[in-house]
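Report on one structure; see the data block that follows.
Note that the structure is predicted; figures quoted are calculated from it, not measured.
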Amino acid sequence: MNSQIKGKVWKFGDDINTDIISPGEYMDASYEEIGKHAMERAYPGFADAIEKGDIIVAGKNFGPGSSRETAQIALKYAGVGGVIAQSFARIFFRNCINVGFPVVTLADTSELNQGDEIQVDLLTGEIKDLTTGKTYYGSKLPEHVLSIVEDGGLKNHLKKILKKD
């Protein structure tokens with residue numbers, strides 16, 4: 001089980017809603033097209049600027065708004081490796097797991113800086129800032145939840161289980 005994600009920090013503030021994450025006008029586009037517009041309302045050109053696996057670090061209440069899964073899909077298809085935030089909107093968090101996108105809660109994200117390289121262990125909640133050498137502890141994803149994320153989402157996870165039977 002590979003529970004590690006590693007990438008550069010992209011820092012955002014509080015209350016980043018689903019319309020900021022994934023503009024509504026692309027809701028019916030292909031997943032690849034939706035990904036090209038991830039976070040563009042907060043950071044124009046974000047999807048072109050990041051490297052695959054980079055990690056969004058945000059403040060409180062990440063993901064309020066629409067319950068549609070296009071926000072999570074936008075981040076996933078843009079190449080974002082995961083999100084660390086002080087808190088998440090509940091439906092956003094659940095949809096992340098449903099589409100196989102990793103999220104971690106960290107009580108204080110203020111010391112993780114734009115451009116720092118970090119490594120996150122989703123199973124233990126350990127967040128290592130490889131730039132500063134500091135270690136933080138966020139929420140853990142239970143093994144059964146991590147397996148859903150690693151399988152690429154709930155639909156793929158259920159297909160895998162049904163194949164075993």
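L141 pairs by the side chain to side chain contact (heavy atoms under 4.5 Å, CB included) definition with F93, I97, L122, V145, L146, V149, not counting sequence neighbours.
Taking the side chain as every heavy atom from C-beta outward, V9 and I55 never approach each other to under 4.5 Å. The side-chain heavy atoms of I73 and F101, taken from C-beta on, include no pair separated by under 4.5 Å. Contact check for Y136 versus E126: no side-chain heavy atoms found under the 4.5 Å cut-off. For the pair L106/I127, a side-chain contact is recorded, criterion being any heavy-atom separation below 4.5 Å from C-beta on. The shortest side-chain heavy-atom distance between F62 and N17 does not fall under the 4.5 Å cut-off. In this structure, Q4 and V120 have side chains that are not in contact, with every pair of non-hydrogen atoms separated by 4.5 Å or more. Side chains of N98 and I148 form no contact here, defined as non-hydrogen atoms less than 4.5 Å apart. Contact check for I5 versus Q119: no side-chain heavy atoms found under the 4.5 Å cut-off.
Residues I84 and Y137 do not share a hydrophobic cluster, defined by chaining ILVMFWY side chains whose heavy atoms lie under 4.5 Å apart. L130 and V80 fall into different hydrophobic clusters, where Ile, Leu, Val, Met, Phe, Trp and Tyr residues are linked whenever their side-chain heavy atoms come under 4.5 Å apart, directly or through other members.
Residues N61 and P64 come closest through the heavy atom pair O-CD, 3.0 Å. Scanning both residues, F92 and G63, for their nearest heavy atoms gives CB-O, 3.4 Å. In this structure, L75 and M39 approach most closely via the heavy-atom pair CD2-CG, 3.9 Å. Nearest heavy atom pair, residue K140 against residue L123, reads CB-O, 3.4 Å. Of all heavy-atom pairs spanning A78 and G35, the tightest one is CB-O, 3.3 Å.
Counting non-hydrogen atoms of neighbouring residues, nucleotides and ligands closer than 6.0 angstrom, the NZ atom of K128 reaches no more than 12 such neighbours. Residue R94 places its CZ atom among 12 or fewer non-hydrogen atoms of other residues, nucleotides or ligands, all under 6.0 Å distant.
In this structure, CE in M27 is found 10.5 Å from OG1 in T18, a value given to the nearest 0.5 Å. Once rounded to the nearest 0.5 Å, the distance linking CD of E150 with NZ of K160 reads 8.0 Å. Taking CD1 of I50 as the reference point, atom NZ of K52 lies at 9.0 Å (rounded to 0.5 Å). Atom CD1 of I56 is separated from atom CH2 of W10 by 9.5 Å, given to the nearest 0.5 angstrom.
Residue pairs that meet the side chain to side chain donor-acceptor pair (under 3.5 Å) test with at least one member in residues 69-88, sequence neighbours left out, are R68-T70, Q86-T109.
Panel note: side chain S147, backbone H144; a donor-acceptor pair is recorded below 3.5 Å. The main-chain N or O of D116 is never found under 3.5 Å from a side-chain atom of T131 such that the two would form a donor-acceptor pair. In this structure, D121 contributes its side chain and T124 its backbone to a donor-acceptor pair below 3.5 Å. Of the possible polar contacts, one joining the N95 side chain to the S67 backbone as a donor-acceptor pair under 3.5 Å is found. Formation of a donor-acceptor pair under 3.5 Å by the S22 side chain with backbone atoms of A74 is not found in this model. Not a single donor-acceptor pair under 3.5 Å links the side chain of E40 to the backbone N or O of G45.
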- Begin with the C-alpha distance, continue with both residues' side-chain angles, and end with the deciding distance and a verdict on side chain to side chain contact (heavy atoms under 4.5 Å, CB included) for D15 and K60. CA-CA 6 Å; D15 301 312; K60 297 174 185 158; 5.7 Å; no
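Ion pairing between E51 and K6 fails under the 4.0 Å rule for side-chain N and carboxylate O.
Y26 and E33 share no donor-acceptor pair across their side chains, judged by distance under 3.5 Å alone. Using a 3.5 Å distance cut-off with no hydrogens or angles, the side chains of D151 and N156 do not pair a donor with an acceptor.
Between Y43 and F46, the ring-plane angle classifies as perpendicular under the 30° and 60° cut-offs.
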